[in-house]
Engineer: 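Would you mind keeping the following structure in view while I ask a few things?
Order of the sequence lines fixes the chain letters, A, B, ..., with proteins taken first and strands second; residue numbering starts at 1 for each chain. Any value given below was found using the heavy atoms of this structure, including those in side chains, with hydrogens, waters and symmetry copies removed.
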There are 2 protein chains.
Amino acid sequence: MVRPIINNVSVDCVIFGFDNTSLNVLLTKRELTDPESGEVILQDYTMQGHHVLENENLDNAAKRVLKDKTGLENIFLKQFHTFGDTDRLLKEKDQLWLKTKFPMVLNHVITVAYYSLVDSTKIKPDHQHQDSKWFPVNDLPELGFDHEKIIKMALEYLQEEIRREPIGFELLPEKFTLTQLQNLYEVILNTALDRRNFRKKVAQMKYVIPLNEKQKGVAHKPAQVFIFSRDVYDRTKKEKLDFSI
Amino acid sequence: MVRPIINNVSVDCVIFGFDNTSLNVLLTKRELTDPESGEVILQDYTMQGHHVLENENLDNAAKRVLKDKTGLENIFLKQFHTFGDTDRLLKEKDQLWLKTKFPMVLNHVITVAYYSLVDSTKIKPDHQHQDSKWFPVNDLPELGFDHEKIIKMALEYLQEEIRREPIGFELLPEKFTLTQLQNLYEVILNTALDRRNFRKKVAQMKYVIPLNEKQKGVAHKPAQVFIFSRDVYDRTKKEKLDFSI
DNA sequence: TTGCTGTTGTGTATTTTTTACACTAAGTAA
DNA sequence: TTACTTAGTGTAAAAAATACACAACAGCAA
């Protein structure tokens, strides 16, 4: 049974991944060629959102988009802003795209934006093609619609959230080293952190648990391997006591 | 010229005010009486959102609602979440209300929620009636739709935001005392603060500026009066340096 | 087997920030 | 003049943040 779409409300999902070097965003290529000359007349990237369906909750729509793009379920997903400027689809190239490919879409679509954090090593192979590609969030390609603005804002919200909640782990494989974790924080917060001080901090986090296991296949001293336990976190968080006033 | 409404998208605005004792929310009474018996069959409060208009930006819709409810413009306004659950208007009493009063409204309306901070002493007299009333956010009356959920979430976002940005001043008159400011923080953060330590903190905030002026008409030592300067704040903020990792 | 390479893992001293705490000053009203 | 109420202030102790350098380990190449 196919449910009809709500034609003025969509969901966009900024999919963040981490490759030990940079924080990346998964984007989908958009391309138009002139049917006569075969010339490429439009080429850029977008997040390829989806319209919300009749009788579908927003969060479910976001999960659906994420599943579609990555094949993954039960992924960290956070709504952060809704974009509804009346001119957000009106740039010439975007109108050209919409008229050509989606003539039924309105000129004013409100999009509810989410960001998600995925362990990019987990993305299933059949989702690797699809004209989808990872781009460093600090070095984005040309983007369609208002997607650059959306991604920039997603990053800002992520930077705030990661100071409050242990969500960085969502971007790492289940087992990780402290250096990986530190790199992650450095990249997201865009700052250098002292290794010893960082480790002291992590040592206080009872929910970051060392395993009796070492890194393998590296040509240097292998690091100890850790896991994150949401269980322990939930049981020990209590009060966050970080009043900044 | 009246623009038509977008019938599945609305804007709700949680209007916060402060009366030196509690943080309050401005709510509007909703009432239905049986046309025959005259008996009250529905009575509660809502935020009385408005639908977004064709060709209207979301932020402008929120400003319009705020203007309508308070008579004020240029007020602090922050979008914090969009609520789109399919069942959010389906409670029996809400359906009764909608069918009676707004038969054209759909069963599934997505609402973009904002919160605003107003100096409640500024609300113009002609906006005082209107069945609108202030309620302490910790002691809300019975509410319609999902408005309790929305208000609770607004408070959470406000609590986060006020730790990062100097937005508390929006709730105070232009001139205020440090005790007022402290009460405000205590009420919003729901915690007790030490007076001396609080004042030390504020003393570091160059944008909280003492005037050569004292409180008047109080039966005790009058307090010094301060103003907040957004100008100074903007010029001195630079880096926030509050990395919690 | 030895040594080279590259990364891991660790402790301490200093500075900064946060916390806890109690008395005098100023004005009004009786 | 006194009583009442809130304003305004400093210091010591504890906790948190910062800065900083070297030995240990594994793989690899000679």
Engineer: Side chain of A:K221, heavy atoms from C-beta onward: which of D:dG27, D:dG8, D:dC25 has the nearest atom to it?
Structural biologist: D:dC25
Engineer: Report the nucleotide, chosen from D:dA26, D:dT6, C:dA26, that has the shortest atom-to-atom distance to any side-chain atom of A:P222.
Structural biologist: D:dA26
Engineer: For the side chain of B:R199 and the base of D:dA7, is some donor closer than 3.5 Å to an acceptor across the two?
Structural biologist: no
Engineer: A:D194 CG to D:dA21 P: how many Å, rounded?
Structural biologist: 11 Å
Engineer: Can we call the ring centroids of A:F135 and A:Y45 under 6.0 Å apart?
Structural biologist: yes
Engineer: Using a 4.0 Å heavy-atom cut-off, does A:T179 contact any base of the nucleic acid, only the sugar-phosphate backbone, or nothing at all?
Structural biologist: sugar-phosphate
Engineer: Name the nucleic acid region contacted by B:Q224, choosing base, sugar-phosphate or nothing; use a 4.0 angstrom heavy-atom cut-off, strictly under.
Structural biologist: sugar-phosphate
Engineer: DNA chain D: A:G217 or B:Q180, which has the more 5' nearest nucleotide?
Structural biologist: B:Q180
Engineer: Given the side-chain rings of B:Y115 and B:Y157, with only the six-membered ring counted for Trp, is the space between their centroids under 6.0 Å?
Structural biologist: no
Engineer: Rounded to whole angstroms, how far apart are CD on A:Q215 and C1' on C:dG9?
Structural biologist: 13 Å
Engineer: Go through the N and O atoms of the side chain of A:R196 and the base of D:dA17, and report whether any donor-acceptor pair is under 3.5 Å.
Structural biologist: no
Engineer: So B:F228 and B:Y207, would you call those rings parallel, tilted or perpendicular, with 30° and 60° as cut-offs?
Structural biologist: perpendicular
Engineer: Does any non-hydrogen side-chain atom of A:R164 lie less than 4.5 Å from one of B:E160?
Structural biologist: yes
Engineer: If you check every side-chain atom of A:K200, which of C:dT28, D:dT18, D:dG8 has the closest atom?
Structural biologist: D:dT18
Engineer: Taking the minimum atom-to-atom distance to the side chain of A:R195, which one of C:dA29, D:dA21, C:dC21 wins?
Structural biologist: D:dA21
Engineer: Would you kindly give the OH-to-C1' distance between A:Y185 and D:dA17, to the nearest whole Å?
Structural biologist: 17 Å
Engineer: Whether B:K201 contacts C:dT18 is assessed here as follows: a side-chain N or O lying under 4.0 Å from the phosphate OP1 or OP2. Is that the case?
Structural biologist: yes
Engineer: Rounded to whole angstrom units, what separation is found between the CG atom of B:L193 and the P atom of C:dA20?
Structural biologist: 11 Å
Engineer: Rounded to the Å, how far apart are B:H220 NE2 and C:dA30 P?
Structural biologist: 15 Å
Engineer: State whether a side-chain donor-acceptor pair under 3.5 Å links A:S22 with A:N24.
Structural biologist: yes
Engineer: Between A:N197 and A:K214, which residue's closest nucleotide on DNA chain D lies nearer the 5′ terminus?
Structural biologist: A:N197
Engineer: If I take atom CD in residue B:Q182 and atom C1' in nucleotide D:dT6, what distance separates them, rounded to the nearest angstrom?
Structural biologist: 12 Å
